Amino acid sequence: MAEAADFPGMTPSPARRLLRRTGALLAGAPLLAGLLQLPAAGTAQAAVQAGVKEASDGGTVAVAVDSLSPSAPADGDTLTVSGTVTNNGKQAVTAAHVDLRLGEALATRSAIDRAAARADSLPVDDGSPVGGKYVAKFAKLMPGVAQHFSISVPVDKLDLGKEGVYPLGVSLSGQTSAQQWDQVLGVQRTFLPWQADEADSRTSTTVLWPLVSTVHMTAETGSNAQQTPVFLNEDLAKEIAPGGRLDQMLTLGKDLDVTWVIDPDLLASVDAMAGSYRIRGDGDTTTPGTQQAVAKQWLGELQAAVTGKEVVALPFADPDLASLAHNGTGVAGSLSQLKEATDVAATTVETVLHVTPSTDFAWPVDGAVDPSIVKVATSAGADKVIARSDSLAETGDLSYTPSAARPIGGGTTALVADWRLSRMFEGDLTKASASTLAVQEFLAQSLELNQQTDKQRSIVVAPQRMPTANQARALAEAVTQLQGGTWSQPQQLAVAAKAKPDPAASTKVPSRSAYPASLRKRELPRAAFEEIADTQDKLDNFKVILANEARVVTPFGRAINREMSTSWRGRSAVVSAFRQSVRTYLDTLTGQVKLIDKSETKLSGRSATIPVTVQNNLVQGVGHLVLRLTSTNSTRLEISGEPYAEQPITVSGGHTTTVKFSTSAKVNGQTTVIAQLYTEDGQEYGAPVTFDVKVTEITATVMLVIGGGVLLLVLAGFRMYTQRKRAAARDAGEADEDGPDDGDETAGAPQNPAGPRDRHREDSGASAGADDPEQPSDESPDTEAESADPSGTGERVDR
């Protein structure tokens, strides 16, 4: 072990010599029994482990390769390697020099993996230094100080042999005061693809260029004619502004021969931002958005970039197919949401970008598939699923990477992206050295893949959905070098899907249990799909009453699509808040059409009408509603002769309407009445209004008293009539007996001073007073007039 740790051409250190002697002593000594032997064995083991650690972790100088140009050199080129060396030790390094070391060509893709895994580990076994004048020298490297280096060497000085991938080591050697001999103190390995002449058979490579973002728009819109949209924040403006992530994706992608994979929600959001929009603030407040110019510029540049290029449209808002397959299919309506998101995708892209996209590709998260995911992915019309080779892996003994297209049954084609190439740019690429290493490894894997066989193959590269700006720059650099190289050629995704499948390639979709646990734990839960279904039910119930349902259905439909977005993975709290906000806003709108509360109502008669008022605070009119008024005790109170009655309702925007129901009461008492709105298909709408109706002054005794009073009045009037008739008859008889004398008296005697009027009063008075008793009808009636005062608290109804 100690010998393996020694570096070629170096004198072993005293520590190593001691280690060797200790090991020899332990190997040659007889085994002793007893406790005294254990400490000796433990000491020896610790010494061996210390020696191994020294050998493997001995690098005290960090070497960073920031630039390697050209990435894939050709005959006659000069290779320039630049970077920095940083002394991380505590002692100064003297007589330091940076060398280039070229190892033997790597024979397999796995060998490239192993070399990449030990990119900066010691010891160095990458061949001898190129040496000569192709060395960068430093008199002294002080601790903690980074110094730049650059080495340029003609390619023909590298003694490159056959075409292939060569490990290229960049090492720093020097001395310290503690170790005063030349030794390698740090190394950085990378790869040098070497393909001097054009390959006999080029690999057709399809690179997906995704334009996908997170959710930015809410379900809220203004009440004006333009329905001004409301955004969660200004994050989208930052992404599309000059230097932003999406701006760089656009700038880099327009110069590449790639397949644009676009989420239509991103286009719809930027298009909405190009007009008037607002930003949600605290509570219910919003503020005006100000990035219209940025949005217009980005859209204009994107329209120019995709003209004549292949564009694939994902379903609207990029729904999470795996979450839907694993947790959503048992919830009614979930698959309908996917179908709607797919249907609106093409229209959105055509409207905004003026190109016709392909919508028959499905792209599950990280290309991980199982039978349920494939079933869901194809349920909305897609017949091609973009998978990845670390999910749909090879199960045979193929010695090469097969073409991407695989028939997996049911008329469905899986496009299996190469996992090594697809995942190459997932790491932290903020440093130039990390980006350079990723580019070189990408090119190395691509060249090694091409050299596996002379067969013509189609390969797909499907990177992460939302690469950072640094990751996108590294990917663009790799694709630029690849498309300018000698072993690969660009190809459209649709062409790759039609390529002849390799008969030996695996077509077996992995089982559901094989789905990665790391991906499963980040899925949307079943409860999320239940909330989505509940919101959709509320929307369906609401839209039927609207005069212009598109004002509500469109923004809410797209918001529900966004609730299923892949971008929510790992953000459970944020997506839960978003779902709640959508539902709350929908409840707010539906609550704008409601019944006005009523207080207790009193009926002071056998029949009356009860008014009920419906209020519409929406800006548009509503209809197709039915108002039902129900008596909970129809034996006491009937409504239109039935236990309940219904009337159709139509209310203009911003108005109220009152409808009246005829009622009839049979007995006194209190009855509870329920008013409830329904849609025409019988679904309850909104909350009911419950109020009490109190019936008073309608007993049989009251009716008898009223009837008796009327009868007495009639009898009294008849009695007065007969009495006066009798008095008139008596007066007539007396006149007949005294007729001649009366004439004489009239002629000669003095006249009665009382006069005819007083005599009549006397006769009437005598007749009434002498012969007839006084009648009850002559006095005030014994029934009082009905009181006009209010009958107590409550609402009096129309009669």
Side-chain angles (χ1 to χ4, degrees), residues 108-109 163 195 198-209 256-261 308-313 356-364 367-371 373-375 377-378 381-423 442-443 445-463 479 482-483 485-510:
T108 64
R109 300 186 72 186
E163 295 167 337
Q195 180 73 41
E198 185 172 330
D200 295 335
S201 177
R202 288 193 174 200
T203 302
S204 297
T205 306
T206 302
V207 178
L208 305 186
W209 197 255
L256 303 174
D257 195 346
V258 293
T259 295
W260 295 81
V261 181
K309 300 292 184 66
E310 183 182 34
V311 176
V312 171
T356 301
S358 173
T359 59
D360 52 358
F361 291 91
W363 190 13
V369 294
D370 62 30
I373 295 175
V374 173
K375 184 177 180 180
T378 57
D383 58 1
K384 305 175 188 66
V385 179
I386 301 172
R388 206 167 66 186
S389 60
D390 52 349
S391 176
L392 207 161
E394 293 305 311
T395 56
D397 56 356
L398 275 177
S399 61
Y400 58 87
T401 302
S403 289
R406 318 279 177 86
I408 57 176
T412 303
T413 298
L415 286 166
V416 184
D418 185 81
W419 73 267
R420 288 182 174 91
L421 299 177
S422 298
R423 301 196 63 183
F442 179 91
L443 297 175
Q445 288 285 359
S446 176
L447 176 57
E448 193 65 43
L449 184 153
N450 182 75
Q451 292 188 335
Q452 290 174 335
T453 178
D454 292 334
K455 288 186 176 182
Q456 177 70 42
R457 287 164 296 161
S458 296
I459 302 299
V460 173
V461 179
V479 174
L482 185 67
Q483 294 180 350
T486 56
W487 68 85
S488 178
Q489 61 188 10
Q491 186 179 59
Q492 290 188 342
L493 186 62
V495 176
K498 296 177 182 178
K500 184 179 180 180
D502 193 313
S506 175
T507 59
K508 181 177 176 56
V509 177

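This structure is a prediction, so every number in the text was calculated from the model and none was measured.
- The closest side-chain heavy-atom distance from P357 to V312 is not below 4.5 Å.
- Residue K375 places its NZ atom among 12 or fewer non-hydrogen atoms of other residues, nucleotides or ligands, all under 6.0 Å distant.
- Here D390 pairs with R388 under the salt bridge (charged side-chain N to carboxylate O under 4.0 Å, His left out) rule; sequence neighbours left out.
- Residues meeting the ring-ring contact (aromatic ring centres under 6.0 Å, His included) test with F442, sequence neighbours left out: F425.
- The salt bridge (charged side-chain N to carboxylate O under 4.0 Å, His left out) search around R457 returns none, not counting sequence neighbours.
- Residues passing the side-chain hydrogen bond (donor to acceptor under 3.5 Å, both in side chains) test with T108: none are found, sequence neighbours excluded.
- Q492 meets the side chain to side chain contact (heavy atoms under 4.5 Å, CB included) test with E310, V495; sequence neighbours excluded.
- Judged as a side chain to side chain contact (heavy atoms under 4.5 Å, CB included), and not counting sequence neighbours, the contacts of T206 are L208, T259, V460, Q491, L493, A496.
- The salt bridge (charged side-chain N to carboxylate O under 4.0 Å, His left out) search around D257 returns none, not counting sequence neighbours.
- Within the structure, salt bridge (charged side-chain N to carboxylate O under 4.0 Å, His left out) contacts touching residues 396-417 (residues at least two apart or in different chains) are E394-R406.
- Listed by first and then second residue, the side-chain hydrogen bond (donor to acceptor under 3.5 Å, both in side chains) pairs involving residues 410-419 are R109-D418 (not counting sequence neighbours).
- Looking at residues two or more places apart in sequence or on another chain, you find a side chain to side chain contact (heavy atoms under 4.5 Å, CB included) between A382 and A362.
- Evaluation of the side chain to side chain contact (heavy atoms under 4.5 Å, CB included) rule for A499 yields S458 as partners, not counting sequence neighbours.
- Residue pairs meeting the salt bridge (charged side-chain N to carboxylate O under 4.0 Å, His left out) criterion with at least one partner in residues 489-507, sequence neighbours excluded, do not occur; the list is empty.
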